[in-house]
Every structure is written in structure tokens, then in C-alpha cells.
2 protein chains.
Amino acid sequence: MMDTPLLLTGFLNRAERYFPEKLIISRTSATKTHRIPYKDYVKRTRRLADALTKLGMTRGTKVASFAWNHHRHLEAYFAVPCSGAILHMVNIRLAPEHIIYVINHAEDEILLIDGDLFPLVEKALPYLKSIKHIIVMHDGFEVPESSFANVYSYEQLLAEASEDFVFPDDLDENTPAGMCYTSATTGMPKGVVYTHRSLVLHSLTLGLKDTLGLSEADVIMPVVPMFHVNAWGMPFAAVNFGMTQVMPGPMFTPSLLLDLIEQEKVTITAGVPTIWLGVLAEQESNPRELSSLRSVVCGGSASPKGLIRAFEEKLGIPFIVGYGMTETSPIVSLSNFTTWMEDWDYEDKLELRATQGLTVPLIETDVVNENGSVPWDGQTMGELRIRGPWIAKEYYKDERTAEAFQDGWLYTGDIAVLTKEGYIKITDRTKDLIKSGGEWISSVDLENGLMTHPAVFEAAVIAMPHPKWQERPLACVVLKAGATATKDELIASLEADFAKWWLPDDVVFLNEIPKTSVGKFLKAKLREELKDYQVSTPN
Amino acid sequence: MMDTPLLLTGFLNRAERYFPEKLIISRTSATKTHRIPYKDYVKRTRRLADALTKLGMTRGTKVASFAWNHHRHLEAYFAVPCSGAILHMVNIRLAPEHIIYVINHAEDEILLIDGDLFPLVEKALPYLKSIKHIIVMHDGFEVPESSFANVYSYEQLLAEASEDFVFPDDLDENTPAGMCYTSATTGMPKGVVYTHRSLVLHSLTLGLKDTLGLSEADVIMPVVPMFHVNAWGMPFAAVNFGMTQVMPGPMFTPSLLLDLIEQEKVTITAGVPTIWLGVLAEQESNPRELSSLRSVVCGGSASPKGLIRAFEEKLGIPFIVGYGMTETSPIVSLSNFTTWMEDWDYEDKLELRATQGLTVPLIETDVVNENGSVPWDGQTMGELRIRGPWIAKEYYKDERTAEAFQDGWLYTGDIAVLTKEGYIKITDRTKDLIKSGGEWISSVDLENGLMTHPAVFEAAVIAMPHPKWQERPLACVVLKAGATATKDELIASLEADFAKWWLPDDVVFLNEIPKTSVGKFLKAKLREELKDYQVSTPN
């Protein structure tokens with residue numbers, strides 16, 4: 001067989017050849033969208049590659065992007081890797097010291113940045129050691145005033161570049177194509193490098209009917225930012241399949257997202273639970289026509305059952321939970337149903353829908369504890385480990401590699417059980433498990449239980465030291481605006497579903513749960529803030 | 001990223017882990033089927049690997065199969081390659097001298113053969129130089145009497161083997177996994193070797209929603225034999241996706257096929273046009289309940305529009321034409337519709353449905369003549385060339401490689417045009433084109449035109465030497481039983497759709513068109529038989 005390498009360049013060629021008129025639609029303001037067909041998008045992508053090459057980009061050069069979801073970011077998604085260079089998608093929500101760290105650690109030489117985000121980076125500029133050129137992505141040719149010498153207008157560079165730029169055809173498929181950093185519980189973020197091969201295989205898998213079934217007929221709107229694990233790989237798949245892409249730009253209020261779905265007839269969209277909680281509330285108070293929407297994909301953290309039920313039962317839109325992480329490109333598993341579940345009651349289906357789902361083809365997962373692989377009993381907890389062609393084998397130049405990567409597996413630090421159908425159900429982070437009297441209590445299960453209470457907006461459960469039981473659960477609850485509930489009411493609401501020894505000893509009412517830059521509960525911070533809290537233990 | 005190899009072994013593990021109860025159903029007689037769940041199938045596959053290993057199979061050993069579509073053949077499909085050996089699927093319809101040639105040329109050491117096919121090979125046994133062991137696949141432990149010493153019962157070997165056999169986990173993804181020979185216009189068949197990587201990528205592509213969308217929810221019945229390009233790759237994909245498989249065994253009369261579709265609720269099936277012509281006639285005279293069937297896939301030779309129309313309009317079943325060849329694993333293109341065709345008239349859609357379709361992801365096609373790539377005008381003919389990760393790069397130990405493989409492309413010998421949507425439309429084989437007065441006439445277009453006439457069962461058009469025009473078309477027609485039509489009527493029926501100079505000069509009525517072992521018109525033989533025919537030229 002021919003040794004044709006798996007390269008992103010093939011995706012770009014395919015879009016240009018077969019789908020020249022299909023559109024990439026980017027929101028540029030609350031009332032405007034920018035629309036560009038693939039035939040012009042690909043030409044601009046070649047112009048960008050030419051412009052970057054003229055600025056010194058060559059094979060292996062790291063180019064940072066610091067941008068929202070829009071067509072220019074998508075141009076960089078292909079222009080950089082198809083030239084043999086590496087696109088480092090910087091998480092714009094990182095703390096300033098982390099932004100400085102990741103750009104310096106990756107040794108990025110060129111920075112592509114949105115005009116409205118430039119102020120965020122301005123103060124960091126003196127600390128960015130490797131950046132030689134900054135290119136500002138916005139309409140028009142003007143650039144912001146800055147102490148940094150080499151600041152260019154993206155549009156001007158493109159205007160001066162050649163659309164006849166030819167991408168190299170001799171790249172090896174294992175050439176690095178992109179990188180993202182993932183926040184660490186302690187210390188600086190850790191870098192993950194994606195290759196052409198890993199991105200091509202991941203993208204192909206997203207088109208399988210048994211995963212997300214992405215296809216030419218779809219209008220896809222990734223709400224998940226392009227700086228989060230390549231927007232879950234969707235922009236790459238979308239170009240390969242010739243899909244209409246809808247990119248929300250910097251504006252993703254529930255109202256504007258619903259407008260986009262309605263106006264552009266979005267068929268599939270993806271984001272974190274927080275987004276869908278907001279969208280659901282907005283849709284309930286101000287309904288839009290959503291009949292085009294065939295699926296909502298949700299990941300990043302656990303999806304409350306109430307959220308899934310509302311989408312599926314009230315709105316009639318399948319709500320698919322996925323699991324993955326920066327280290328896994330990210331799709332590892334999806335909570336799709338199989339044929340033998342067709343006749344199940346909705347309540348049983350909902351149980352599986354709320355899990356992290358069934359492992360996708362080409363990926364191997366395993367849940368292990370000290371006795372080896374756990375049985376498929378829905379109860380025995382172990383650590384989830386993963387391997388496959390789009391799973392990282394290391395952190396980029398980072399000695400923390402040794403902790404997570406062992407024996408050819410990625411050890412995720414997530415504690416899971418396997419249902420009797422083999423669906424993965426994450427019960428906790430290794431670091432967030434509560435060990436009470438030698439037994440594990442899942443903080444995530446308790447949180448999901450609390451969040452089904454009508455008065456609860458969000459809830460986090462953490463371990464508090466305990467003289468007798470070593471650790472006991474403490475519930476931290478944010479009530480919905482205007483709602484009331486007592487500690488005893490909330491604990492009582494859990495009694496039907498949980499063993500008595502799992503019930504939190506106390507409830508703290510907070511205004512807000514501290515969160516990471518990607519919207520996950522920052523339990524380490526919560527534990528720190530509450531370390532002196534005196535639990536009023538019931539027994 | 002991890003350098004996880006793409007291996008068929010992963011498919012087998014996936015079926016066993018996630019789809020243990022899904023079934024493989026094989027027809028064993030006109031009234032019986034054999035049913036085995038994947039959990040037992042995988043155990044038997046490991047037993048087979050163990051048994052073959054005990055007989056001396058090691059990495060690189062060639063194992064021949066000579067069998068219909070059934071679960072034992074499917075066991076060999078994985079047991080052999082997952083052990084690092086190579087399964088050579090011999091076309092049982094080859095002429096005896098070709099069977100001897102391909103087995104000797106491949107240097108097959110073990111032969112897996114169906115009990116009822118044993119007599120076909122018996123006489124050839126003295127000429128098979130490399131075969132050391134013959135294993136007879138049928139129920140029971142008895143083996144046929146034979147002059148050959150080492151003849152075993154498949155079931156007995158399995159009974160004695162271990163189901164704990166462990167497949168190697170250190171195979172390179174470019175390890176050869178299977179091989180098929182393709183008939184040549186002249187000379188002996190030519191061998192094509194498939195690798196684990198090529199089969200995995202091909203299988204994955206069959207699951208894309210934009211190709212065939214094979215999925216766990218499907219009940220697949222490949223009517224195309226497993227000795228024709230791996231049954232178009234479907235058995236591999238089916239195991240990976242955990243699909244219910246229905247295998248027609250040695251019995252594929254239209255009536256028995258329709259029974260299987262009805263009884264097993266088949267959702268997708270695939271075969272050559274001849275099969276579907278027969279199935280259509282049977283369904284019209286003796287209708288079955290076919291509501292489970294979501295698609296019929298058709299390839300191997302051109303599909304007449306009347307056939308497609310009958311399936312789509314009368315039966316309401318989408319009829320998807322595919323293109324490929326032994327050298328291409330085989331799927332290169334499929335006549336699926338894109339979204340912008342949704343509003344088209346059915347007649348316009350039918351035009352595209354009858355083409356060879358749109359090139360699938362990861363594959364590149366191009367149609368070239370002396371001026372380079374042809375325009376997308378539906379008219380300019382050129383030779384179709386193909387490249388990609390499941391396209392052969394050579395014929396196995398065959399100097400004819402140099403003819404077909406040049407500059408990194410496979411030159412197919414098929415003459416095609418590209419429609420304005422980029423769909424491939426094969427107009428002829430390079431060797432079957434008719435060159436009249438310096439211009440090309442497509443014999444396939446004329447054949448399709450003739451076959452729309454209600455009295456015509458099948459038609460082949462060949463070139464006859466001509467003193468003035470070099471070549472002129474001669475139509476060879478088989479009328480339907482009981483139907484009548486004159487030469488002039490038939491030629492007149494073409495006048496509306498073809499230029500006057502394309503019209504055949506004469507029509508010969510035959511009882512049968514000679515065909516190759518795979519059901520394609522054997523035009524070389526037709527030309528030979530008719531070389532002395534006196535054309536009654538009209539002008």
C-alpha cells in the first residue's frame with residue numbers, strides 16, 4: 001500500500017476541491033456576522049502561510065495564537081501546521097504569569113492575537129523572551145500602539161502575501177502540528193503536542209456515525225473555545241467534511257448563541273455544562289426555533305442529569321456527554337446509546353447519558369485499582385487509564401511526564417467505575433476523592449445529587465479532615481437567586497439515593513464556587529479557603 | 001502522541017469487549033442459519049490462530065482461503081493477520097490454471113477450504129507447490145478423501161486448540177495482512193497486498209456518515225464475496241463497529257437473499273448490479289417486507305439508471321453506487337448526495353446517482369489526459385488516477401507494476417469525466433474505448449442507453465475495425481425472455497440522447513454476453529468471437 005502520510009493538508013485540499021461554496025460564518029458583533037466560502041478561506045490560508053514564512057516561520061517554528069473562535073483563527077489552524085510549523089493555542093483565560101510561562105516554555109516566535117485581546121498581553125510583552133513578531137487579527141490595517149517593535153496588521157500581511165503559496169508535500173505524518181497547555185493542580189501548566197497523524201485520526205473518528213457523525217450536511221457551532229484542545233478537534237473535522245462552520249467569536253451569551261443556532265440553522269454544537277445551563281434558562285424564558293439542532297455535545301465536566309433531561313425531554317434535542325482532556329485530543333468516549341438500549345425506559349437511558357460514555361474506536365480505556373482491571377459492576381472504583389493514537393505520550397519538556405505516563409498508558413487521575421454496559425462513569429478526581437473510614441466517597445456523585453435540588457444553583461463537595469474517619473464530606477452550595485433551602489433540607493434530599501455514611505456532615509452556603517480558567521471547580525482553592533471552617537458534625 | 005499502531009487486533013478486542021452479544025449470522029442451507037455471538041466468535045478466532053500456529057504459521061506465512069461468506073471465513077479474516085501472517089483470499093471462480101497460479105505465486109502454505117468447494121481444488125492439488133496443510137471448513141470432524149496427505153477438519157483443529165491464544169502486540173501497522181489477486185486483461189492475475197494500516201483506515205472510513213455510515217445499529221449483509229477485495233472491506237468494519245453481520249454462505253439466489261433481508265432485518269447490503277437486477281425482479285413478483293433496508297450499495301460495474309430508479313422510486317430504498325478495484329481496497333468514491341442537491345429534481349439526482357460518485361476522505365483522485373487534469377465539465381475524458389493510504393503501490397512480485405503505478409499514482413485504466421460537482425463518471429476502460437475518426441466514443445454510455453430499452457436484458461458495445469473511421473461501434477444485445485426488438489428500433493431509441501456519429505452501425509443479437517469471473521463483460525472475448533462478423537454499415 002502507498003505510504004501516503006496522514007496530513008492536515010489533505011483536509012484543506014478536500015475543502016477547496018469539493019466544497020468551495022460552503023461557508024465559514026463568524027460572529028463579529030452582536031448584530032453582525034462575517035461569511036466566507038471555503039474557496040476564499042483556503043486562499044487566505046495560503047496567504048497567511050506565505051506571510052508567516054516571510055516573517056521567518058519554518059518547519060518546527062512555534063506560532064502562538066491568542067484568539068476567540070473565528071475564521072482568522074481557523075486560517076491559522078491550517079496555515080501553520082500545513083507549513084510544518086506548530087500552532088500553540090494559548091488559553092486566553094490563564095493568569096498572566098501562566099500566559100508568560102507557556103509562551104516562553106513553548107518558545108513561541110510569532111504571536112497571532114485578536115485586536116480586542118491585545119491589552120491582555122500588552123503588560124506581559126517585556127517578559128516574552130522568544131516572541132519576535134506580533135500579528136494583530138482584526139478588520140482593517142491599523143495596529144495598536146505598543147512598546148513592542150514588530151507589530152503587524154494581519155489583514156495587511158495577507159494583502160501583501162501570495163495566494164499561490166504551496167504547502168510542502170514531504171511532511172512526515174508524525175510532524176508536530178499543534179500544542180495546548182493544560183492547567184495543573186499545582187505548578188505551571190503542562191504542554192501537550194498534537195501531530196498531523198493524531199489530528200487526522202481524531203477528526204476522522206468524529207465523523208463516524210457511532211460517535212458524533214459529523215458530516216457535510218451539518219452546520220457546526222463549537223462554543224468550546226479554539227484554545228481548549230483544538231475546540232475538541234471539531235474545526236479540523238469540519239474542514240475535511242466540508243461542513244458549514246458557525247463561530248461565535250468573542251460573544252457567547254446564551255441569547256447570542258441561541259440567535260446563531262436559529263439564524264444559521266445550526267445542527268450540532270458543543271460546549272461545557274455551564275454554557276448549556278445558561279442556554280436552557282434563556283430558551284425557557286425566550287424560546288427560539290431550534291428544530292435544526294440534532295445534537296448538543298457536552299464535556300469538560302460532569303453534566304447534571306437535570307440539564308440532560310431538560311434538553312432531551314423539554315426541547316427534544318439529544319444531549320451527548322463526552323469525555324476527554326487536553327492530553328487526549330480530546331475525544332475518548334461519548335454517551336451514545338446502542339441498539340440494545342432502544343427499548344429502555346428514559347430513566348435508565350438517562351443514567352447512561354449522564355456517564356462519560358462508551359469508548360470510541362481506536363482508543364483503549366481501562367479502569368484499574370490495586371486488584372487490576374475493575375469489574376463492570378457500576379460500583380468498583382479505580383483510576384481511568386487510556387491509550388491510543390491520539391493520546392499524548394508525554395508532557396512537553398516537563399518532568400511531570402513520569403507521574404501521568406506509565407507502561408504505555410496515560411493515567412488520567414480520574415476515578416471511575418464501569419457500568420455493566422462498559423460505559424465509563426467518572427466519580428471523582430484522585431485528588432478529590434473523600435476517604436472516610438477506609439472507604440471512598442465520590443464527591444461528584446454527591447454534587448450531582450445536590451444539584452438536582454430545585455433551590456441549588458451549583459454545589460461542590462470537598463473532604464474535611466476528621467479525627468475518627470480521617471475525612472468527611474463537606475457540601476459547599478450556591479443557591480439560585482431568590483431561592484432558599486436549609487442545611488437539613490439539603491442533606492435530607494440526598495437520603496433516598498445515598499448510603500447514610502456518604503451524606504455530607506455539613507453544608508456551607510457560598511456566593512460562588514471558585515473555578516479554573518476552563519470553568520471547572522477549583523477544589524484545591526475551596527479546601528484552602530475553608531481549611532479553618534468548623535464542621536458542625538451531626539454525630 | 002503515542003505511536004499506537006493501527007492493527008486489526010484492536011477491532012477484535014473492541015468487538016469482544018463492547019459487543020459480546022451481537023450476532024454473526026451465516027446461512028448454511030436454504031432453510032437454516034448458524035448464529036454466533038461475538039464473544040464466542042472471538043474465542044474461536046483465537047483457537048484458529050492457535051491451531052494455525054501449531055501447524056507452522058508464523059509471521060509472514062501466507063494462508064489461502066477458498067470459501068464463501070460465513071463465520072469461519074470471518075474467523076480466518078482476523079486469526080491470520082492478527083497473528084502477523086497474511087490471508088490470501090482466493091477467488092473461487094477463477095479458471096483452474098489461474099487458481100494454481102495464484103496459490104503458487106503467493107506461496108501459500110496452508111489452505112482453508114469449504115467442504116463443498118474441495119472438489120474444485122482436488123484436481124489442482126498435485127500442482128500446488130507450496131501448500132503443506134489443507135483445512136476443510138464444514139460442520140463435523142470428517143474430512144474428504146484425498147490423495148493429499150495433510151487434510152484436517154477445521155472444527156477438530158479448533159476443538160483441540162486453546163482459546164487463550166494471545167495475539168502479538170508488537171506488530172508494525174505496515175505489516176501485510178491480506179492479499180487478493182485481480183484478473184488481468186491478458187496474462188495471469190495480479191496480486192495486491194493489504195496491510196493492517198490500510199485495512200484499518202479503510203474500515204474507519206466506511207463508518208463515516210458521509211460514506212456508508214456503517215454503525216453498530218446496522219445489520220449488514222455483504223453479498224459481494226469475501227474473496228472479492230475483502231468483501232469490499234465490510235467484514236473488518238463490521239467487527240470494529242460491533243455490527244450484526246448476515247453472511248449468505250454459498251446460497252445467493254434473489255429469493256434467498258430477500259428472505260434473509262426480511263428475516264434478519266438487514267439494514268444495508270452490497271453487491272454487483274447483476275445481483276440487484278435479480279433481486280428486483282424477484283421482489284416485483286414476490287414482494288417481501290424490506291422496511292429495515294436503509295441502503296443498497298452497488299459496485300463492480302456500472303449500474304443502469306433503470307435499476308437505480310426502480311430501487312429508489314418503487315421500493316423507496318436509496319441505491320448508492322460505489323467505485324473501486326482490487327488495487328484500492330476498494331472504496332474510492334460513492335454516489336452520495338450533498339446538501340446542495342436536496343432540492344434537485346429526481347432526474348438530476350439520478351444522473352449523479354448513476355456516476356461513480358464523490359471521492360471519499362483521505363483519498364485523492366484526478367482525471368488526466370494529454371493536457372493535464374480535465375475540467376469539471378462532464379465531457380472531457382481522461383484516465384482516472386488515484387492515490388491514498390489504502391491504494392496499492394505495486395502488484396505483488398509482478399513486473400506489470402510499472403504499467404499501472406507511476407509518479408506515486410495508480411493509473412486505473414478507466415476513462416472518466418468529472419461532472420461539474422466533481423463526481424467521477426467512468427465512461428470506459430482505456431482498452432474498450434472506441435476511436436472513430438480521431439474522436440472517442442464511450443461504449444459504456446451506449447450500453448447504458450441500450451439497457452434503458454424495455455426489451456433489452458443486457459448490452460455490450462465493442463469497437464469493430466473500419467476502413468474509413470478506424471473503428472466503429474457494434475452493439476451486442478441480449479433481449480429479455482419473450483421480448484422482441486429490431487436492430488433499427490434499438491438504434492433509433494438512442495437517437496435522442498447521442499450524437500449521430502456515436503450510434504452503433506449494427507446490432508448483433510446474442511443469447512449471452514461473455515463475462516469474467518466477477519461478472520464483468522469480457523469484451524476481449526466478444527471482440528474475438530465477432531472478429532469475422534460483417535457489419536451491415538448503414539452509410
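In what follows, chains are A, B, ... by sequence order, proteins preceding strands, each numbered from 1. Reckoned from all heavy atoms, side chains included, excluding hydrogens, waters and symmetry mates.
- With contacts defined as side-chain heavy-atom distances shorter than 4.5 Å, the pair A:Thr338/B:Tyr18 does not qualify.
- Annotation: side chain of A:Leu6 is in contact with side chain of B:Leu201 (closest heavy-atom distance under 4.5 Å).
- Only the backbone of B:Pro5 comes within contact range of chain A, judged by heavy atoms closer than 4.5 Å.
- Contact tally against chain B (heavy-atom pairs below 4.5 Å) for A:Gly408, A:Gly213, A:Pro361: the top residue is A:Pro361.
- The candidate with the highest count of non-hydrogen atom pairs below 4.5 Å against chain B, out of A:Met2, A:Lys393, A:Lys209, is A:Met2.
- Using a 4.5 Å cut-off on side-chain heavy atoms (C-beta onward), A:Asp3 and B:Asn174 make no contact.
- Side-chain N or O atoms of B:Arg14 include one that pairs as donor or acceptor with a backbone N or O of A:Thr359 at under 3.5 Å.
- With a 4.5 Å cut-off on non-hydrogen atoms, A:Pro176 does not touch chain B at all.
- A distance of 10.0 Å separates CD in A:Glu216 from CG in B:Asn336, rounded to the nearest 0.5 Å.
- Annotation: maximal heavy-atom pairing with chain A below 4.5 Å, among B:Thr244, B:Asn240, B:Asp210, B:Val193, occurs at B:Asp210.
- Of the listed residues A:Arg387, A:Arg17, A:Glu364, A:Glu394, the one with more heavy-atom pairs under 4.5 angstrom with chain B than any other is A:Arg17.
- Both the backbone and the side chain of B:Thr365 come within contact range of chain A, each with at least one heavy atom under 4.5 Å from a heavy atom of that chain.
- For a residue to count as touching a neighbouring chain, one of its non-hydrogen atoms must lie under 4.5 Å from one of that chain's; by this rule B:Arg197 touches chain A with the side chain only.
- Interface summary for chain B: among A:Tyr194, A:Phe19, A:Trp376, A:Phe337, the most heavy-atom pairs under 4.5 angstrom belong to A:Trp376.
- Residues A:Thr339 and B:Lys22 form a side-chain contact, since some pair of their non-hydrogen atoms from C-beta on lies under 4.5 Å apart.
- Looking at B:Ile386, the atoms closer than 4.5 Å to chain A (heavy atoms on both sides) all sit in the backbone: N, CA, C or O.
- B:Leu362 is not listed as a side-chain neighbour of A:Thr4, based on a closest heavy-atom distance of 4.5 Å or more.
- Within 6.0 Å of the NZ atom in B:Lys349, the count of heavy atoms belonging to other residues, nucleotides or ligands exceeds 12.
- Contacts of A:Leu410 with chain B are made by both backbone and side-chain atoms, with heavy-atom separations under 4.5 Å.
- With respect to chain B, the highest number of heavy-atom pairs below 4.5 Å among A:Leu206, A:Ile391, A:Leu214, A:Thr211 belongs to A:Ile391.
- In this structure, A:Leu199 CG and B:Met1 CE are separated by 7.5 Å, a value rounded to the nearest 0.5 Å.
- At a 4.5 Å heavy-atom cutoff, B:Val219 makes no contact with chain A through either its backbone or its side chain.
- Your options are B:Trp390, B:Phe405, B:Phe241, and the one with the most heavy-atom pairs under 4.5 Å with chain A is B:Phe241.
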